[in-house]
Each structure stands twice: as structure tokens, then as C-alpha cells.
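Inspection log for the structure reproduced underneath, given as C-alpha cells.
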Amino acid sequence: MRLRTFTSERDNHRAEITFMRIAVGGLVLALLANAGALLGVAGSERTVLVPPEVHKTFWVSGQKVSADYLQEMAYWYAGLALNITPHVAEYQKNLFLKYAAPSEYGRLQAEFGARTDFIRKNNASTQFSAQSVMPDETAMKVALAGVLMTWVGDKKASEKQTTYVVGFRYRNGRLHVSEFRETSDRDPFGADAAAR
């Protein structure tokens with residue numbers, strides 16, 4: 001009887017050890033799968049572009065974007081392009097170009113490259129104070145009128161009333177900048193220049 005009890009206990013212990021080995025093996029496999037998933041996700045990032053301060057509700061539909069969204073984004077892009085110093089010019093240029101329309105990337109890169117070089121070579125800074133923002137929802141353009149101040153070193157070089165137009169394209173759920181240029185208060189959307 002004792003031999004049978006001893007054998008039975010020994011078999012129970014072996015069964016418990018086997019069960020524990022299987023459980024530990026399963027946990028190790030789960031940890032390895034989790035580590036593999038984390039390594040797969042590490043390094044991938046998603047850039048979601050939202051204006052720094054949201055003041056109004058926005059909507060997007062098909063190939064159209066609300067005028068309020070266009071206004072907020074144009075104001076943000078104008079800040080990136082026009083509120084610059086030699087120290088941040090390259091960073092802001094690269095950030096702006098991340099959102100350039102692929103078909104216009106080369107042109108915008110050349111324009112911003114020239115502006116960045118000028119800023120650095122002359123130790124210049126610019127600041128744009130928008131006074132009015134006018135959207136054209138159907139053309140997906142926004143005109144910003146305001147004062148552009150330029151400093152060279154520590155001296156104010158100029159202060160002028162000017163207007164800039166920011167053009168957009170909405171493709172595949174993403175808003176791209178397709179145009180950024182100076183216009184005039186008589187033709188804020190640059191329609192005369194585009195017609196030529």
C-alpha cells in the first residue's frame with residue numbers, strides 16, 4: 001500500500017512539474033511575441049497635423065476642407081515661414097516642407113532654401129503679424145494680410161504692409177501646402193499672376 005501511495009505521489013509530482021514546464025514555456029513564448037510586437041512598432045511614427053490651438057470645429061469631406069481649418073493651418077504655416085531667426089530657420093524650413101505637396105516640393109524647397117540662406121548670411125530675423133485672414137474655400141487658398149518686420153542684427157531694417165497667399169491640396173486624407181508666396185492687397189489670392 002505504501003509503495004502504491006509513493007508511486008502515486010511521485011506521478012503527481014511529475015505531472016505538476018510537467019504542467020509547470022508547459023506553463024513557463026507558454027509564458028516565455030508570450031513574452032517573446034510581445035517583445036517582437038514592440039520591436040515591430042518601435043521606430044514607426046505617425047504625424048498628425050493639428051493646429052497648435054484649436055478655436056473652432058473643422059470638417060473634411062471627400063476633397064474639400066472647411067474654411068476654418070484652412071484659416072488655422074494657413075496661419076500656422078505663415079508662422080513657420082515668416083517668424084524666423086537664423087537659429088531656427090533650417091528647422092522651420094524642414095518642418096514646413098514635411099507638409100509640401102509632392103508636385104510642388106522642389107519649387108517650395110528652392111524658395112525656402114534661398115530664404116533660409118539669406119536669413120543666415122545676413123543674421124536677419126523676420127516677424128509677420130497677421131491683421132486679417134481671408135479664406136477661399138473653393139480654391140483652397142487663404143490670404144493673410146499684415147505687417148512683416150525685418151531685423152538685421154539688432155537693427156530694424158524694414159516694416160511693410162504685405163499679403164501672403166497659402167494654397168492647399170487635400171489628398172488621401174492629408175492637407176498639403178501647394179503654394180506660399182507674397183501677393184498684394186489688391187489681388188490677395190494672386191489670381192492676376194496665375195492668369196498670366
Side-chain angles (χ1 to χ4, degrees), residues 45-55 65 67-137 139-172 174-196:
E45 64 181 55
R46 177 181 288 187
T47 303
V48 177
L49 182 61
V50 177
E53 292 183 32
V54 178
H55 300 288
V65 180
D68 292 333
Y69 186 56
L70 292 174
Q71 285 179 339
E72 292 283 333
M73 294 311 300
Y75 187 80
W76 189 69
Y77 286 122
L80 279 178
L82 300 172
N83 295 331
I84 53 178
T85 67
H87 300 293
V88 300
E90 189 69 26
Y91 171 77
Q92 288 187 212
K93 175 191 84 167
N94 291 335
L95 185 58
F96 187 96
L97 290 174
K98 279 174 86 173
Y99 305 104
S103 61
E104 302 299 327
Y105 184 87
R107 182 181 56 78
L108 290 171
Q109 183 182 34
E111 291 172 5
F112 278 87
R115 183 178 294 148
T116 300
D117 291 343
F118 173 82
I119 292 288
R120 277 199 305 240
K121 287 178 185 174
N122 295 298
N123 193 29
S125 301
T126 62
Q127 177 186 354
F128 181 71
S129 300
Q131 296 169 333
S132 68
V133 180
M134 301 163 281
D136 182 349
E137 190 174 329
M140 291 190 69
K141 291 184 176 186
V142 178
L144 297 106
V147 177
L148 180 67
M149 293 176 276
T150 305
W151 288 269
V152 175
D154 61 346
K155 305 232 183 315
K156 191 177 202 179
S158 71
E159 181 175 327
K160 70 175 185 173
Q161 188 74 29
T162 187
T163 303
Y164 286 89
V165 66
V166 183
F168 297 99
R169 289 193 186 131
Y170 185 68
R171 299 270 190 280
N172 301 324
R174 185 169 175 183
L175 191 66
H176 298 278
V177 179
S178 61
E179 176 182 17
F180 186 88
R181 63 188 168 93
E182 188 173 355
T183 59
S184 68
D185 58 344
R186 291 182 307 281
D187 183 24
F189 294 102
D192 292 343
R196 287 185 220 151

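- The shortest non-hydrogen separation linking Y164 to L148 is OH-CD2, 3.4 Å.
- Considering every non-hydrogen atom in both P188 and T183, the closest pair reads O-OG1, 2.9 Å.
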Discussion item. Using side-chain contact (heavy atoms from CB on, under 4.5 Å), reason through V142 and F189 one step at a time and then give a plain yes or no.
Written reply: CA-CA 7 Å; V142 178; F189 294 102; 5.6 Å; no
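- For K160, the salt bridge (Lys or Arg N to Asp or Glu O under 4.0 Å) partners at least two apart in sequence or on another chain are E182.
- Between V177 and F168, the closest side-chain pair of non-hydrogen atoms falls below 4.5 Å.
- Counting only residues at least two apart or on different chains, the side chain to side chain donor-acceptor pair (under 3.5 Å) pairs with a member in residues 122-132 are Q131-Q161.
- Although no hydrogens or angles enter the test, the distance criterion places no donor-acceptor pair under 3.5 Å between the side chain of T163 and the main chain of A145.
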Can you list, pair by pair, the side-chain donor-acceptor contacts under 3.5 Å of residues 151-159, counting residues two or more places apart and other chains?
unit_1: K156; atom_1: NZ; unit_2: E159; atom_2: OE1; d: 2.5

Worksheet item: L82 and F180: side-chain contact (heavy atoms from CB on, under 4.5 Å), yes or no, with the steps?
Response: CA-CA 11 Å; L82 300 172; F180 186 88; 3.9 Å; yes
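- No side-chain donor-acceptor contact under 3.5 Å links E179 to the backbone of K141.
- Once rounded to the nearest 0.5 Å, the distance linking OH of Y91 with CG of L80 reads 8.0 Å.
- Rounded to the nearest 0.5 angstrom, F112 CZ and L95 CG are separated by 11.0 Å.
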Worksheet item: Should L70 and L175 be marked as a side-chain contact (heavy atoms from CB on, under 4.5 Å) after you check the CA-CA gap, both sets of side-chain angles, and the distance that decides it?
Response: CA-CA 9 Å; L70 292 174; L175 191 66; 4.2 Å; yes
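- One distance of note links CD1 of I119 with CD of Q92; it measures 10.0 Å at 0.5 Å rounding.
- A distance of 8.5 Å separates CD in Q109 from CG in N94, rounded to the nearest 0.5 Å.
- Partners of E90 under the salt bridge (Lys or Arg N to Asp or Glu O under 4.0 Å) rule, at least two apart in sequence or in another chain, are K93, R120.
- Taking the ring pair (Phe, Tyr, Trp, His ring centres under 6.0 Å) definition, one finds that Y75 meets it with nothing, sequence neighbours left out.
- Atoms OG1 and CD1, on T116 and I84 in that order, are 6.0 Å from each other to the nearest 0.5 Å.
- Taking the ring centroids of Y77 and F96, they lie under the 6.0 Å cut-off.
- Taking all atoms of both residues into account, the shortest heavy-atom contact from P86 to A124 is CD-O, 3.1 Å.
- Under a 4.0 Å N-O distance rule, the pair R115/E111 does not qualify as a salt bridge.
- In this structure, NE2 on H176 lies 11.0 Å from OH on Y99, to the nearest 0.5 angstrom.
- When all heavy atoms are compared, the tightest approach of L108 to A100 is CD1-CB, 3.8 Å.
- With sequence neighbours excluded, the residues that form a salt bridge (Lys or Arg N to Asp or Glu O under 4.0 Å) with R169 are E104.
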